[in-house]
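In this chain, residues are counted from 1 in sequence order.
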Amino acid sequence: MKPDRSQTDSRPHPVCAFRGLSKRYGKRSLLDQLELSLQAGQCLLLTGPNGSGKTTLMRILSGLEAPDHAEVRLDTGGWQSWRQTRPRLQQQIMYLHQQPFLFQGSVWHNLAFALPRGLSRQQRHGEIRRISQWAGLEHLLRADAKRLSGGECQKVAIARALLRQPQALLLDEPTANMDRRARERTLSMIARLRDEGMALLVTSHDPEYFATMTDKHLQLEQTHLTTPASGNNTREAA
């Protein structure tokens, strides 16, 4: 979990920037010369038709899938190739799939999996207790992870990702197939992450759910990123 910068420096700072990001599958161009940056304490909303490349883009940003070309700038450093920065991308940027994968066993076991080796038993317990309190998971720590509801799975996935101490989270349809109560809880958690200084990129087919926390709305369509007409319905414009 990132520290709360509201007590120190609330100004946004760059986590990473990408330019010239391109990806083809055979003869089909999916992403063409995209430019994108992630800022601490800001939320980008990414929309677009099915098959437009949103998930592929997020996997490239998080170091999971290679682009055909991309230059990356991390923090305030210089531009480097995607391959040069891939190890740091995988450390600093966490991608969460629409349907989070949870391991067999308890919620506690799933959270413990994210902790670095070398921690003492006391340290591991302390980290799990801390993140479970933050995420409201204390009552589920001994529950079977495979029997959780969709909203509970998403909370566990986010909490597990935060134990890796990333600088950015990429959330792929984080409220899909949730009832109203679960969706509201997930949205509240995402808003808290933003307010605590996390850089966020969220994809959704229901952009109205994220309007109050979105700093910039981007539309991915026909290989390019644009700002849709509804993009002025953001916190920045407000």
Practice item. Could you tell me whether Arg183 sits above the aromatic face of Tyr209, with NZ or CZ closer than 6.0 angstrom to the six-membered ring centre and within 45 degrees of the axis? Key: yes
Check your understanding: When you measure from the centre of the six-membered ring of Phe101, is the NZ or CZ of Lys146 under 6.0 Å away and within 45° of the axis?
Key -> yes
Out of curiosity, [X] [atom1] to [Y] [atom2], how far, rounded to the nearest 0.5 Å?
X: Thr55; Y: Leu46; atom1: OG1; atom2: CG; value: 9.0 Å
X: Arg147; Y: Glu152; atom1: CZ; atom2: CD; value: 13.0 Å
X: Leu201; Y: Lys54; atom1: CG; atom2: NZ; value: 11.0 Å

Do [X] and [Y] get their side chains close enough for a donor-acceptor pair, meaning under 3.5 Å?
X: Asp172; Y: Thr203; value: yes
X: Glu196; Y: Trp134; value: yes
X: Thr47; Y: His217; value: yes

**Study point:** Aromatic ring pairing His109/Phe103, orientation class (parallel under 30°, perpendicular over 60°, tilted between)
**Key:** perpendicular
Review point. Are Thr56 and Tyr25 close enough that some pair of their side-chain heavy atoms sits under 4.5 Å apart?
Key: yes
Check your understanding: Is there side-chain contact between Leu218 and Lys216, with at least one heavy-atom pair below 4.5 Å?
Key -> yes
Would a distance-only check, ignoring hydrogens and angles, find a side-chain to backbone donor-acceptor pair under 3.5 Å from [X] to [Y]?
X: Lys23; Y: His69; result: no
X: Asp32; Y: Thr223; result: no
X: Ser188; Y: Glu184; result: no
X: His224; Y: Gln222; result: yes
X: Gln90; Y: Gly63; result: yes

Does the pair [X]/[Y] count as a salt bridge with the N-to-O cut at 4.0 Å?
X: Arg124; Y: Glu127; value: no
X: Arg88; Y: Asp75; value: yes
X: Arg19; Y: Glu71; value: yes

Check your understanding: Among the clusters formed by ILVMFWY side chains lying less than 4.5 Å apart, do Leu64 and Val202 turn up in the same one?
Key -> no
Check your understanding: What's the verdict on side chain to side chain contact (heavy atoms under 4.5 Å, CB included) for Leu200 and Leu45, showing C-alpha distance, side-chain angles and the deciding distance?
Key -> CA-CA 8 Å; Leu200 298 169; Leu45 175 65; over 6 Å; no
